Amino acid sequence: MNLAQATRKILALGNNQTVDYFSLPALEKAAGVSFARLPFSIRILLESILHNLGHPAFEDAHALALAQWTPDVAEFEFPFLPARVLLQDFTGVPCVADLAALRGAMQRKGLDPRSIEPLIPVDLVIDHSVQLDVAGNADALAANLDKEFDRNRERYAFLRWGQGAFTRLNIVPPGVGICHQVNLEYLARGVMTAQDHAGRTVAFPDTLVGTDSHTTMINGLGILGWGVGGIEAEAAMLGQPIPITTPKVTGVKLTGRMRPGATATDLALTVTQKLRTQGVVGHFVEFFGLGLEMLSLADRATVANMAPEYGATMGFFPMDGESLRYLRETGRNAALVD
């Protein structure tokens, strides 16, 4: 059985446009299982395996084994290749330097240096360099940014070169915001698309790894992602999957609504306190229940951001109507959001 062919389907978008995608119902049939009670985070990992079949590290056996996931499943290892990588400047600059060094080595050998290129989209947000020199007046922000560019001129010039040299590298300049905010408000796409070897467009869920533990803020939008080290992020950039073991998933059922005057911070700290007593270190924490409808996207992102504090790999809020509302209102591609 060729699992990639068995699960690949075509979705019509209108205007005679179509995209291919990989169907979990088709995988259910092929694997002889039901996903009715399967956590949404595990479903996204399954889809990731399906759309990466053809990569040497991915095998049908990985998808078929993960399709058998239960809360007490025996632990096993499988590959994960995110759809994109998020870098902040402390770890991002060395990554770009490594890419430049690889291009230099290719050129010295008489080979095409342009063959060295990130294989998946990479966003580098410069957000860790600000010093406060001027305060208390309307021009303070501009004055501090001027000083920041003066202090970091050589580093920023190198990053600007990187943005022009690598087609899949996007640099977000200083003064825009912290990387998690920029990721949530601008970079996250919800659905990614890419061209396969036959030139067909394939759509698949947005997933990522980031070089900051609080990358988990993006889980509030229904996007799978967590923090990794610089070496793992760089490997993913170059098409090397990250090996992960079968996740343990802890569900958190939310009911009712917050009392008047309670804030997202109050909720996040309460969730953190309760989950610490449950021992969720290394788990996927997945939120569900009717209480989700009472939480804004900002509230969800605040709780998801705290995942490192309650010890989980991530705190995941499955994508729903609130997620789609946020994507539309922040100007994402409506053709795929809808």
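Side chains are part of it too, since the values below use all heavy atoms of this structure and drop only hydrogens, waters and symmetry mates. What you see is a predicted model; the values in this text were computed from it and never measured. For reference, positions follow the sequence shown, starting with 1.
We find that Arg300 and Asp320 are joined by a salt bridge, their nearest charged nitrogen and carboxylate oxygen being less than 4.0 Å apart. Ion pairing between a basic and an acidic side chain is recognised when a charged N comes within 4.0 Å of a carboxylate O; Asp20 and Arg200 show such pairing. Ion pairing between Arg151 and Glu148 fails under the 4.0 Å rule for side-chain N and carboxylate O.
Residues Leu187 and Ile218 form no side-chain contact, since every pair of their non-hydrogen atoms from C-beta on lies 4.5 Å or further apart. Considering only heavy atoms from C-beta on, Met319 stays 4.5 Å or farther from Pro205 through its side chain. Taking 4.5 Å as the limit, every side-chain heavy atom of Val176 sits out of range of all side-chain heavy atoms of Val125. Side chains of Glu286 and Pro247 form no contact here, defined as non-hydrogen atoms less than 4.5 Å apart. In this structure the side chain of Phe204 reaches within 4.5 angstrom of the side chain of Val202, judged on heavy atoms. Considering only heavy atoms from C-beta on, Glu77 stays 4.5 Å or farther from Ile244 through its side chain. A heavy-atom distance below 4.5 Å is not found between the side chains of Met192 and His51. The closest side-chain heavy-atom distance from Thr167 to Glu117 is below 4.5 Å.
At a threshold of 4.5 Å between side-chain heavy atoms, the hydrophobic network of Ile, Leu, Val, Met, Phe, Trp and Tyr places Leu295 and Tyr326 in two separate groups. Leu119 and Ile49 fall into different hydrophobic clusters, defined by Ile, Leu, Val, Met, Phe, Trp and Tyr side-chain heavy atoms under 4.5 Å apart, directly or through other members. By the criterion of side-chain heavy atoms lying less than 4.5 angstrom apart, applied directly or through intervening Ile, Leu, Val, Met, Phe, Trp or Tyr residues, Leu297 is not grouped with Leu254; the two fall into different hydrophobic clusters. In terms of hydrophobic clustering, with Ile, Leu, Val, Met, Phe, Trp and Tyr side chains grouped at heavy-atom distances under 4.5 Å, Ile242 and Trp226 are assigned to a common cluster. The cluster map of Ile, Leu, Val, Met, Phe, Trp and Tyr, joined by side-chain heavy atoms under 4.5 Å apart, puts Met258 and Leu269 in the same cluster.
For Pro82 against Ile120, the heavy-atom pair with the smallest separation is O-CD1, 3.5 Å. Annotation for Ala31 and Gln68: closest pair O-NE2, 3.8 Å, computed over non-hydrogen atoms. For the pair Cys179 and Leu86, the tightest heavy-atom approach, listed with the atom from each and the gap, is O-CD2, 4.2 Å. The nearest pair of heavy atoms linking Val93 to Phe158 is O-CE2, 4.0 Å. Pairing each heavy atom of Ala6 with each of Ala26, the nearest pair is O-CB, 3.6 Å. Heavy-atom minimum distance, Leu24 versus Phe35: O-CE1, 3.6 Å.
With Phe40 as the aromatic partner, Arg43 meets the cation-pi criteria of under 6.0 angstrom to the ring centre and within 45 degrees of the ring axis.
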query = Yes or no on side chain to side chain contact (heavy atoms under 4.5 Å, CB included) for Glu309 and Leu275, after CA distance, side-chain angles and deciding distance?
reply = CA-CA 9 Å; Glu309 276 63 47; Leu275 287 176; over 6 Å; no

message = With side chain to side chain contact (heavy atoms under 4.5 Å, CB included) as the criterion, how do Leu53 and Phe22 come out once you've worked through the C-alpha distance, each side chain's angles and the decisive distance to 0.1 Å?
response = CA-CA 11 Å; Leu53 289 175; Phe22 289 87; over 6 Å; no

request  = Just do the side-chain hydrogen bond (donor to acceptor under 3.5 Å, both in side chains) check on Asn2 and Arg8 with the steps written out, would you?
outcome  = CA-CA 10 Å; Asn2 186 319; Arg8 188 163 179 158; over 6 Å; no

request  = Carefully, step by step, assess Thr302 and Asp299 under the rule side-chain hydrogen bond (donor to acceptor under 3.5 Å, both in side chains).
outcome  = CA-CA 5 Å; Thr302 303; Asp299 292 343; 5.4 Å; no

task = Please assess Thr207 against Phe80 for the test side chain to side chain contact (heavy atoms under 4.5 Å, CB included), listing each intermediate value before the final yes or no.
result = CA-CA 10 Å; Thr207 59; Phe80 172 63; 4.0 Å; yes

task = Take Asn219 and Phe287, measure what side chain to side chain contact (heavy atoms under 4.5 Å, CB included) needs, and give me the verdict at the end.
result = CA-CA 10 Å; Asn219 304 154; Phe287 296 90; over 6 Å; no

message = Go through it in stages, so that I can follow the logic: the residues are Asp206 and Arg332, the test is salt bridge (charged side-chain N to carboxylate O under 4.0 Å, His left out), and I'd like the CA-CA distance, side-chain angles, deciding distance and then a yes or no.
response = CA-CA 13 Å; Asp206 185 2; Arg332 315 307 164 91; over 6 Å; no

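Here CG of Asp98 is found 6.5 Å from CG of Leu102. Values are rounded to the nearest 0.5 Å. Atom OG1 in Thr250 sits 10.5 Å away from atom OH in Tyr310 (nearest 0.5 Å).
Counting non-hydrogen atoms of other residues, nucleotides and ligands closer than 6.0 Å to OH of Tyr186 gives a total of 12 or fewer. Counting heavy-atom neighbours within 6.0 Å of Leu111 CG, excluding the residue itself, gives a total above 12. Within 6.0 Å of atom CZ in Arg168, more than 12 heavy atoms from other residues, nucleotides or ligands are found, so the atom counts as buried in its surroundings. Around CG of Leu290, the count of heavy atoms belonging to other residues, nucleotides or ligands within 6.0 Å does not exceed 12.
In this structure, the side chain of His55 engages the main chain of Gly239 through a donor-acceptor pair within 3.5 Å. Gln107 places no side-chain N or O within donor-acceptor distance of the main-chain N or O of Pro113, the cut-off being under 3.5 Å. The backbone N or O of Gly92 sits nowhere less than 3.5 Å from a side-chain atom of Asp89 that would complete a donor-acceptor pair. Between the side chain of Thr313 and the backbone N or O of Gly282, at least one donor-acceptor pair lies under 3.5 Å. Within the 3.5 Å criterion, the main-chain N or O of Val285 finds no donor-acceptor partner in the side chain of His283. Gln88 places no side-chain N or O within donor-acceptor distance of the main-chain N or O of Asp212, the cut-off being under 3.5 Å. Under the 3.5 Å distance criterion, the side-chain polar atoms of Ser48 are left unmatched by any main-chain donor or acceptor of Ile44. Judged purely by atom type and a 3.5 angstrom limit, Asn144 has no side-chain atom pairing as donor or acceptor with the backbone of Leu132.
Partners of Ala165 by side chain to side chain contact (heavy atoms under 4.5 Å, CB included), not counting sequence neighbours, listed by chain and number: Arg103, Trp161.
Taking the ring centroids of Tyr156 and Phe149, they lie under the 6.0 Å cut-off.
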